[in-house]
Amino acid sequence: MALTNQEIADIFDNIADMMEINGENRFKYLSYRRAGETLTDLPRDLQAYVDDGTLTDIPGVGKAIGDKIKELLETGQLQFYEKLRAEVPETLLEIKRINGVGPKKAKLFWDELNITTLPDLEKAAQEGKLRNLSGMGAKSEQKILDGINALSRNRGRTPIGAAQNAADAILNELLELPQVEQGIVAGSLRRGRPTIGDLDLLVVSDEAAPIMEHFVSMSRVARILGQGPTKSSVELRTGLQVDLRVLPRERFGTALQYFTGSQAHNIRIREIALKQGYSLNEHALRPVDSDGNMKDESEYLYCATEEEVYEAIGLPWIPPEIREDQGEIEAAQQGKLPHLITTDHLIADLHMHTTASDGTLTIREMAEAARERGIQYIVITDHSQRNIIANGLSTERVLEQQKEVRQIDESYGDDFHILHGIEMDILEDGSMDYPDEVLAQLDFVVASLHFGLTQDRATVTQRLINAISNPHIDCIGHMTGRLIGSRPGADIDFDAVFSAAVEHGTILEINANPMRLDLDAQYARRAIELGIPLAINTDAHSANQMDLRSYGILTARRAWAEPENVVNTWPFARFLDWIRARG
DNA sequence: GCCGTTTTCGGCCCGACTGTTTTCAGTCG
C-alpha cells in the first residue's frame with residue numbers, strides 16, 4: 001500500500017521538528033516543514049508527479065527532498081528518518097505541542113531530566129522539578145501544567161462554520177465597545193480554509209487597552225495566553241484559541257494584509273517589498289537604503305487599505321482566498337489573476353431536499369426560500385430508495401413527485417424555474433439505485449456515495465467511474481463523502497475519476513455545506529484546469545442551509561474558479577440546453 | 001535544503017509577548 005501524500009507530509013513535518021530539537025540549521029528544517037505544507041495541498045498523488053518527471057517542479061521540492069519522496073514511495077520507509085528517530089525520541093514531539101514549549105525547552109527537559117514523554121513531564125512539573133532548570137521558574141512550570149491540560153481539551157482544528165460563528169459572536173461583542181471603530185476576521189478563516197487552527201481578529205481603534213481588557217475577561221474565555229498593548233491571545237471554553245490585534249485606522253491595510261497570511265504568501269510578499277526598497281511589517285512599509293539601514297520614520301509609508309499595500313510594491317490586490325503561495329504572486333506579477341466567482345454570480349442551486357425525503361420544507365417552501373435569496377432556478381433532488389434512513393424515494397414515489405414539481409413550476413411562469421431530479425445513491429456493488437429508464441425521465445441526476453465509503457480505493461473509484469459513465473447522470477455530489485472533523489472521505493484515485501469526468505462531460509459538485517466542502521479546493525482547482533464543469537450546491541435540507549452557499553463560494557474561490565467554470569452561474573436557458581443536449 | 005529578471009553561491013520575513021533575565025532567549029504566528 002503506497003503512502004499517501006498526507007502521510008509523507010506528516011513524516012517531513014516530524015523530520016523538521018526533530019531536526020529543530022537537534023539544533024540543526026534553521027533553513028534546513030524549515031525546508032522540510034515547507035515541503036510538508038505543500039504536499040498536503042497537492043491535487044494529485046505524489047506517484048503521479050514521479051511518473052511525469054515533475055516531482056521537483058513542486059515548489060519547495062528539490063533534489064534532496066525529491067529523492068526522499070521517491071524512497072518513501074518505493075520502500076515505504078526512509079533511512080534518513082529512521083536514523084533521526086533513533087536519535088530523537090518521537091514522544092518529544094508530543095511535548096513540543098504544548099503551548100509555550102518549543103524545541104529548546106523540549107531539549108532542555110530531555111537533556112537535564114531525561115524526560116521524553118508527556119506523563120513524565122507532567123509528573124516532574126507537579127513535583128516542582130522544572131522550576132530549577134535554567135531559564136525556567138515557577139510561572140513557566142505552571143504554564144506547562146496548564147498547557148498539558150489544554151492538550152486534552154483541544155481536539156485539533158475547528159470546522160470553518162463553527163469558527164465563523166465564534167468569530168461573529170466575539171466581534172459583535174467587541175463592536176459594542178465605544179472605542180471599537182471596526183472589527184474584521186483575518187487569518188485562515190478570512191482565506192476560507194475548511195478548518196481553522198485559531199481565530200485571528202483585527203480591530204480598528206486608537207485606544208487598545210480597554211478593548212484588550214474586555215476581550216480577555218469575556219465569559220467564554222477559559223484561559224489567557226497573553227495580553228499586551230496591541231496583541232492578546234485567549235483560549236475559549238470550546239478549546240478554540242483566539243488572537244486579537246488592535247491597530248489604528250491608518251495602519252489597517254498593512255495590518256490586515258499581515259494577519260490574513262498565509263505565512264508562505266507573506267514571506268514572498270515581504271521579499272518582493274525588500275527588493276523594492278521596503279521592509280514590510282504590520283505597521284508600515286519602511287524604506288530601507290542599499291546598506292540595509294532603515295530610513296527616518298517620517299518616510300514610512302502607511303496604508304489604510306490592503307490595495308495600497310499591494311500597489312506600493314507594484315502588484316494588484318490579491319484576493320485572500322488564493323493567498324497560499326500557490327502561483328498567485330506570479331499571476332499577479334503577470335497581470336493574470338483570475339476574476340473569481342462571487343455569491344452574486346450564483347443564480348441556481350442544483351441539489352436540495354424536501355419533506356419527501358429528509359428535508360424540513362415542502363417543494364414550494366424550498367422554492368420560496370431560494371427566490372428570497374435571489375436564486376432563479378433550482379433542482380429538487382431528494383434521496384433515492386437505498387437511503388432508507390433518509391426516507392429515500394421509491395421509483396413510484398419519484399415519478400409521483402415529478403408531477404407535483406411540474407405543477408408548482410408552472411405556477412411561477414417565467415419568474416422562476418423548478419426542475420426535477422434526484423440525489424441517487426451509487427450502490428456498494430457499483431450499480432445505480434434506479435434503473436436507466438427511471439433516470440431518463442428525470443431532468444437532472446446527482447449521483448452520490450453515502451455507503452461503503454471505507455471500501456478500497458480501486459472499488460470506490462470504479463463506483464464513481466460507473467456513475468460518471470452513465471449518460472443519465474449529470475453530476476457527482478460531495479465526491480469523497482467526508483464530514484470535516486468526524487469522518488474522513490473515501491480513498492479515491494482522483495486522476496482516474498477526473499479523466500472519466502472529462503470524457504463524459506460530467507459536472508462535479510462543490511458541496512457548500514461547511515461540514516463537507518467536498519470537492520475541496522485543491523481538487524476543484526485541478527478539475528477546472530482539466531476543463532471539468534463545477535457546480536456549487538447547498539444540499540439544503542432547510543431554508544437556512546441555503547445561506548451556506550457562501551462557504552461553497554469561498555471554496556470555489558480558493559480553487560481559482562471564475563463564473564464561467566461554475567454551471568450555477570449559467571442563465572436558465574443555457575442550463576436547459578445543456579441538460580437537453582445530454583439527453 | 002531550496003532557489004535564481006541583481007545570484008549555481010550565498011542568501012533565506014518580521015514583530016509581539018512572556019518570563020527569565022539585568023539585556024535577552026524562547027515561542028508563536
Side-chain angles (χ1 to χ4, degrees), chain A residues 12 15-16 19-21 23-36 38 56-69 80 96-108 130-144 146-147 186-188 196-202 208 212 216 224-234 241-247 251 254-255 257-286 288 290 292 294 313-314 325 330 333-334:
Chain A
F12 286 147
I15 287 174
M19 290 174 75
E20 192 182 8
I21 289 171
E24 289 184 44
N25 179 288
R26 181 165 157 259
F27 298 106
K28 270 194 191 183
Y29 67 72
L30 284 179
S31 298
Y32 283 98
R33 196 163 291 154
R34 169 88 209 287
T38 305
T56 51
D57 292 349
I58 300 169
V61 177
K63 184 172 186 326
I65 289 181
D67 285 346
K68 290 184 174 68
I69 291 172
F80 179 78
K96 195 171 164 289
R97 289 201 182 92
I98 302 168
N99 197 322
V101 177
K104 296 284 177 7
K105 291 271 172 64
K107 181 102 177 5
L108 179 75
L130 301 183
R131 65 182 63 184
N132 299 323
L133 298 173
S134 80
M136 292 287 294
K139 273 191 178 176
S140 321
E141 194 174 66
Q142 185 56 45
K143 240 181 133 173
I144 281 171
D146 293 344
S188 53
I196 273 68
D198 51 34
L199 282 183
D200 287 296
L201 305 181
L202 190 58
M212 290 305 187
V216 300
I224 301 171
L225 300 171
Q227 183 182 0
T230 66
K231 172 186 166 183
S232 294
S233 296
V234 299
Q241 183 180 325
V242 188
D243 297 343
L244 174 69
R245 273 91 171 191
V246 181
L247 287 129
R251 302 180 182 195
T254 43
Q257 196 284 327
Y258 183 69
F259 295 128
T260 295
S262 66
Q263 197 170 32
H265 173 89
N266 281 359
I267 288 172
R268 292 285 311 279
I269 291 296
R270 279 173 243 144
E271 282 170 0
I272 290 171
L274 268 181
K275 283 179 188 160
Q276 318 238 348
Y278 291 110
S279 171
L280 172 62
N281 64 22
E282 63 266 53
H283 301 289
L285 287 139
R286 299 169 303 169
V288 182
S290 50
M294 212 75 74
I313 60 171
D325 189 22
E330 289 74 10
Q333 287 169 328
Q334 295 159 12

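Being a predicted model, the structure only gives us computed values, none of them experimental. Naming convention: chains lettered A, B, ... in sequence-line order (proteins, then strands); numbering from 1 in each chain.
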- request: I would like to know whether Phe80(A) and Asp67(A) meet side chain to side chain contact (heavy atoms under 4.5 Å, CB included); could you show each step before the answer?
  value: CA-CA 11 Å; Phe80(A) 179 78; Asp67(A) 285 346; over 6 Å; no
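- dG1(B) and dT6(B) have their C1' atoms separated by 23 Å, given to the nearest Å.
- Rounded to an integer number of Å, the gap from Ile65(A) CD1 to dC3(B) P is 9 Å.
- dT18(B) atom C1' lies 13 Å from atom CD1 of Ile144(A), rounded to whole Å.
- Among the nucleotides dT18(B), dT6(B), dG15(B), the one closest to the side chain of Gln227(A) is dT18(B).
- The same atom, P, is picked in dG15(B) and in dG10(B); the two are 27 Å apart, to the nearest Å.
- Dashed line: the shortest gap from a side-chain N or O of His283(A) to OP1 or OP2 of dA16(B) is under 4.0 Å.
- Within 4.0 Å of Leu274(A), counting heavy atoms only, lie sugar-phosphate atoms of the nucleic acid but no base atom.
- Side chain of Glu24(A) to main chain of Met19(A): no donor-acceptor pair is present (N/O by atom type, distance under 3.5 Å, no hydrogens or angles).
- Remark: C1' of dC14(B) and CZ of Arg286(A) are 8 Å apart, rounded to the nearest angstrom.
- One distance of note links CG of Asn281(A) with CZ of Arg251(A); it measures 8.5 Å at 0.5 Å rounding.
- Going from atom CE of Met212(A) over to atom P of dA16(B) covers 12 Å, rounded to whole Å.
- The closest donor-acceptor contact from the side chain of Asn99(A) to the backbone of Gly147(A) lies at 3.5 Å or more, if one exists at all.
- Between the C1' atom of dC3(B) and the CG atom of Asp325(A) lies a distance of 12 Å, rounded to the nearest Å.
- With P as the reference atom, dT27(B) and dT21(B) are 15 Å apart, rounded to whole Å.
- In this model, the phosphate group of dC17(B) is not approached by any side-chain N or O of Ser233(A) to a distance below 4.0 Å at OP1 or OP2.
- Relative ring orientation between Tyr32(A) and Phe12(A) is described as tilted, the plane-to-plane angle lying within the 30° to 60° band.
- Each of Thr230(A) and Pro59(A) was matched to the nucleotide of DNA chain B holding its nearest heavy atom; the match closer to the 5' end belongs to Pro59(A).
- The same atom, P, is picked in dG11(B) and in dT7(B); the two are 14 Å apart, to the nearest Å.
- In this structure, CD of Gln276(A) is placed 12 Å from C1' of dT5(B), rounded to the nearest angstrom.
- No contact: Leu30(A) has no heavy atom under 4.0 Å from any strand.
- Within 4.0 Å of Ser134(A), counting heavy atoms only, lies no atom of the nucleic acid at all.
- Of the candidates dA16(B), dC2(B), dC14(B), the closest approach to any side-chain atom of Ala64(A) belongs to dC2(B).
- The distance from atom OH of Tyr278(A) to atom P of dC14(B) is 15 Å, rounded to the nearest whole Å.
- At least one side-chain nitrogen or oxygen of Tyr32(A) sits closer than 4.0 Å to the OP1 or OP2 atom of dG1(B).
- Between Arg245(A) and Asp200(A) there is a salt bridge, with a side-chain nitrogen of the basic residue lying less than 4.0 Å from a carboxylate oxygen of the acidic one.
- dT23(B) and dC28(B): their P atoms are spaced 25 Å apart (whole Å).
- Of the C1' atoms belonging to dT20(B) and dG26(B), the separation is 10 Å, rounded to the nearest Å.
- Residue Phe27(A) and nucleotide dC2(B) are not classified as a stacked aromatic pair, given the requirement of ring centres less than 5.5 Å apart at an interplanar angle below 30°.
- Here Ser140(A) reaches the OP1 or OP2 of dT20(B): one of its side-chain N or O atoms lies under 4.0 Å away.
- Across all strands shown, dG29(B) pairs with dC14(B); the Watson-Crick or G-U wobble distances both stay below 3.5 Å.
- Only the P atoms considered, dT22(B) is 27 Å distant from dG29(B), to the nearest whole Å.
- Using modelled atom types, one finds a donor on one side chain and an acceptor on the other under 3.5 Å when comparing Gln257(A) with Asn266(A).
- Look at dT7(B): its glycosidic torsion is within 90° of 0, and that puts it in the syn range.
- When the C1' atom is used for both dT8(B) and dG4(B), the distance is 8 Å, rounded to whole Å.
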Check nucleotides 26-29 of chain B against the protein and report each pair of N or O atoms closer than 3.5 Å, with its distance, or say if there are none.
unit_1: dT27(B); atom_1: OP1; unit_2: Gly102(A); atom_2: N; d: 2.8
unit_1: dT27(B); atom_1: OP1; unit_2: Gly102(A); atom_2: O; d: 3.2
unit_1: dT27(B); atom_1: OP1; unit_2: Lys105(A); atom_2: N; d: 2.8
unit_1: dT27(B); atom_1: OP2; unit_2: Lys104(A); atom_2: N; d: 3.1
unit_1: dT27(B); atom_1: O5'; unit_2: Gly102(A); atom_2: N; d: 3.3
unit_1: dC28(B); atom_1: OP1; unit_2: Ile98(A); atom_2: O; d: 3.4
unit_1: dC28(B); atom_1: OP1; unit_2: Gly100(A); atom_2: N; d: 2.9
unit_1: dG29(B); atom_1: OP1; unit_2: Asp198(A); atom_2: OD2; d: 3.3
unit_1: dG29(B); atom_1: N2; unit_2: Tyr258(A); atom_2: OH; d: 2.7

message: Would Met212(A) and Val216(A) count as a side chain to side chain contact (heavy atoms under 4.5 Å, CB included) here? Give the steps.
response: CA-CA 6 Å; Met212(A) 290 305 187; Val216(A) 300; 5.6 Å; no
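- For Lys139(A), taking side-chain heavy atoms from C-beta onward, the closest of the listed nucleotides dC14(B), dG19(B), dC2(B) is dG19(B).
- A donor-acceptor pair under 3.5 Å is formed between the side chain of Glu141(A) and the backbone N or O of Leu130(A).
- Atom CZ of Arg268(A) and atom C1' of dC14(B) are 17 Å apart (whole Å).
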